[in-house]
4 protein chains.
Amino acid sequence: MAQLSKKEAILEAALKLFAERGFDATTMPMISELAGVGAGTIYRYFESKEVLLNVLIVESLQAFAEALNQTGTGQRTTVREEFHLLFTGLFQFGKHRPNRLQLICSNANELYLDERSREEVTTFLSQILATISWGQEQGVIRKMPANALIAIVLGAFFQVSDAFRKGLLEESKELLDEIEDCCWNAVRIH
Amino acid sequence: MAQLSKKEAILEAALKLFAERGFDATTMPMISELAGVGAGTIYRYFESKEVLLNVLIVESLQAFAEALNQTGTGQRTTVREEFHLLFTGLFQFGKHRPNRLQLICSNANELYLDERSREEVTTFLSQILATISWGQEQGVIRKMPANALIAIVLGAFFQVSDAFRKGLLEESKELLDEIEDCCWNAVRIH
Amino acid sequence: MAQLSKKEAILEAALKLFAERGFDATTMPMISELAGVGAGTIYRYFESKEVLLNVLIVESLQAFAEALNQTGTGQRTTVREEFHLLFTGLFQFGKHRPNRLQLICSNANELYLDERSREEVTTFLSQILATISWGQEQGVIRKMPANALIAIVLGAFFQVSDAFRKGLLEESKELLDEIEDCCWNAVRIH
Amino acid sequence: MAQLSKKEAILEAALKLFAERGFDATTMPMISELAGVGAGTIYRYFESKEVLLNVLIVESLQAFAEALNQTGTGQRTTVREEFHLLFTGLFQFGKHRPNRLQLICSNANELYLDERSREEVTTFLSQILATISWGQEQGVIRKMPANALIAIVLGAFFQVSDAFRKGLLEESKELLDEIEDCCWNAVRIH
DNA sequence: TATGAATGAGTGTTCATTCAT
DNA sequence: AATGAATGAACACTCATTCAT
């Protein structure tokens, strides 16, 4: 409360609840209570529940993209190295911002996304696309529709993250390396 | 209507709506209208909206398991062949029962699952587990936690199915074969 | 309660409250309580609060027009006689349906009228217009814009009705005759 | 802003909004925005929204009474002349202070009037009453309850003013004279 | 003096559920 | 067995009012 502005408290509370329960199952009273603010206060900062969701989605996608960039910047070495940095970025993000990851993964929110959010999704994916294209040019990554490759790797990553979150799987350096290896094998040319 | 009992009509309507809109965004009046029955009639067959969801989840998981069994029965040949049958079963199911698949994939419903449904998930997964264990014994599949391998393959499959559903990817025999190959490479020992 | 359907009870309660307090100062809970129904029940019969108002306005205008017709039907005699019948009709209506009259007079509702209601107002006024035109043709009523004549007579009538309603004035046959005479003098040619 | 004190700015904004939209449909934020002051500032000058309304009503009634006095002062000539001055005063006021007139006419505010405002109404009417009594003594105005005569003339005037405001009637010297003549005919002895 | 962020009671409205028919 | 009218708790959201600055 001392270190968090009302707006931040609301965003944090909403993020947690949207991630855990989904958009429809989260009520404004829940958010206001968890944020420790009055019900009306939310509307001083966010026009509506939907706007609040979209702000969070855009924020989260940007944070996600940034997390990937941060690890991936610098001169290009090998495609495999790039893939490693990407994967590391994914898991770092999932570890530090589990709710943001959950929000992004959850398809349930799709109905409520506005134009801005949809664009942000495209922007985010374009970053991964670049790596894939480069790998294909280098003859290292399979010549398949990029969307399919992305779906395979991200799908695996999301599901694995979910397993971590639910405690079905215990995180360890070795396991993460193995999973990365699996995903790399999935898309590389043998 | 002629060939469908009231109960079946309700289940079908609810399945479609839960899959398309999600549990919370689906109202009982929507279901009763689509099913062509009175609002109160639903309660003659299902205690509550949640029970209705759980019945559908259990049904869907059983149908999913059955679909996998059906292709996979018969004498065991190779692990690769078994994997192929499993994958074929997954896609067959997604093609013929897209709503059931969508219902199963959607994490949004998690909150509302009862004990019975959770058990059914376990049952369903045990079938896949068996194949994995066998493959590991044979020295063909990586020695990793089974949950991780399942998450990788199912995650990829769900995400790919979603891409098909949204029209981001066009289904074709060749593409399916490629995707299967990707997934197999992900889990096999090289 | 026994003799009133829910819908009628709602209409009656809403009429009373809208007339006494105005549209904005009347809440749906007030209406549901006075009608003796649940809050949600109102929405089974009326889409929204605004629709409820408009239904009442149209109903009231039609009842008003009918009340004027009823007294005024039959062969035309003199303009004065027609005026008398009109005035009698106005007061009869105000006496038997004070709330409906109040609802019609109140300009506060203007903002919420839909197309249908606006048309009904026109229809209602056209009836009075006919009498005025006839009187002007006969050289008995002043040659002034009909809207002005209507405003004068109806304005006087509404204000007098209000005075009766508030008890500022005591109704009596003689007083009504005098008021009618005043209004007639206002518009006739001397 | 330069020439208007905060208090005056608030009163002016509130007058405009109450007149145009009604008391209930006007919000305090609307008033504060139009007045160019903070929301809380209103409460430094007026205890509540209701008090603000009542201040405006009293002010308006006093301005109205003053407007009538101004034209009517001086030695008495004839009753007809006095009536003319009264009528001129009414229309002058309506022309120069349309919002104040609208506020006074609107019955919708009745619910919120306090004792002070009610007294002011009486004070205001007493002025007109005086003229009427004098006319009746002179044998020029009908011997009817004064409230009835006031209702007739003011009712006609308010309704005509409304027609002007809505553009249903075009103002002109000739029309005003005619309307005055109508009203005079309504109350004079023939 | 003046502000506007903050509040929470209250608004119009929806909907899972019940029950008389 | 089947209905759909009825309910009232709960929803998203608003706004008169307060108060720390």
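What you see below is based on every heavy atom in this structure, not just the backbone, and it leaves out hydrogens, waters and symmetry mates. Quick note on labels: first sequence line is chain A, next is B, and so on, each numbered from 1.
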Query raised in the report: Which sits closer to the 5' end of DNA chain F, V37(B) or T26(A), going by the nucleotide each is nearest to?
Result: V37(B)
Query - Pairing partner (Watson-Crick or G-U wobble, both distances under 3.5 angstrom) of dT18(E) - result: dA5(F)
Report summary line: L17(C) CG to dT11(E) P, in whole Å, measures 13 Å
**Report entry** Interatomic distance, M30(D) CE vs dT14(F) P [rounded to whole Å]
**Finding:** 11 Å
Query raised in the report: Whole Å only: how far is the CG atom of D24(A) from the P atom of dA16(E)?
Result: 11 Å
Query raised in the report: Taking CD1 from I42(B) and C1' from dA5(F), how many angstroms apart are they, rounded to a whole number?
Result: 16 Å
Query - Rounded distance in Å - CZ (R21(C)) to P (dT11(E)) - result: 10 Å
Report task. Begin with the C-alpha distance, continue with both residues' side-chain angles, and end with the deciding distance and a verdict on salt bridge (charged side-chain N to carboxylate O under 4.0 Å, His left out) for D162(B) and K166(B). Result -> CA-CA 6 Å; D162(B) 224 47; K166(B) 290 182 194 161; 3.2 Å; yes
Query raised in the report: With a cut-off of 6.0 Å (strictly less than), are more than 12 heavy atoms of other residues, nucleotides or ligands near CD of E12(B)?
Result: no
Requested in this report: Could you tell me the separation between the CD1 atom of I10(A) and the C1' atom of dC13(F), rounded to a whole number of Å?
Outcome: 14 Å
Query - Nearest to side-chain heavy atoms of S48(D), which nucleotide of dT17(F), dT7(F), dT3(E) - result: dT17(F)
Report task. Look at the side-chain N and O atoms of Y43(A) and state whether any lies under 4.0 Å from the OP1 or OP2 oxygen of dC13(F). Result -> yes
Query - Out of dA12(F), dG12(E), dA5(F), whichever nucleotide has its closest atom nearest the side chain of P29(A) - result: dA12(F)
Report task. Considering just the side-chain nitrogens and oxygens of T27(B), establish if one lies under 4.0 Å of OP1 or OP2 belonging to dC15(E). Result -> no
Query - 5' precedence on DNA chain E between G38(D) and K49(B) (nearest-nucleotide basis) - result: G38(D)
Query raised in the report: Hey, is the side chain of K6(B) poking within less than 4.0 Å of OP1 or OP2 on dT3(F), counting only N and O atoms?
Result: yes
Query raised in the report: Phosphate oxygens OP1/OP2 of dA6(E): is one of them under 4.0 Å from a side-chain N or O of R44(A)?
Result: no
Query - Six-ring centre of Y45(A), K6(A) cation under 6.0 angstrom, axis tolerance 45° - result: no
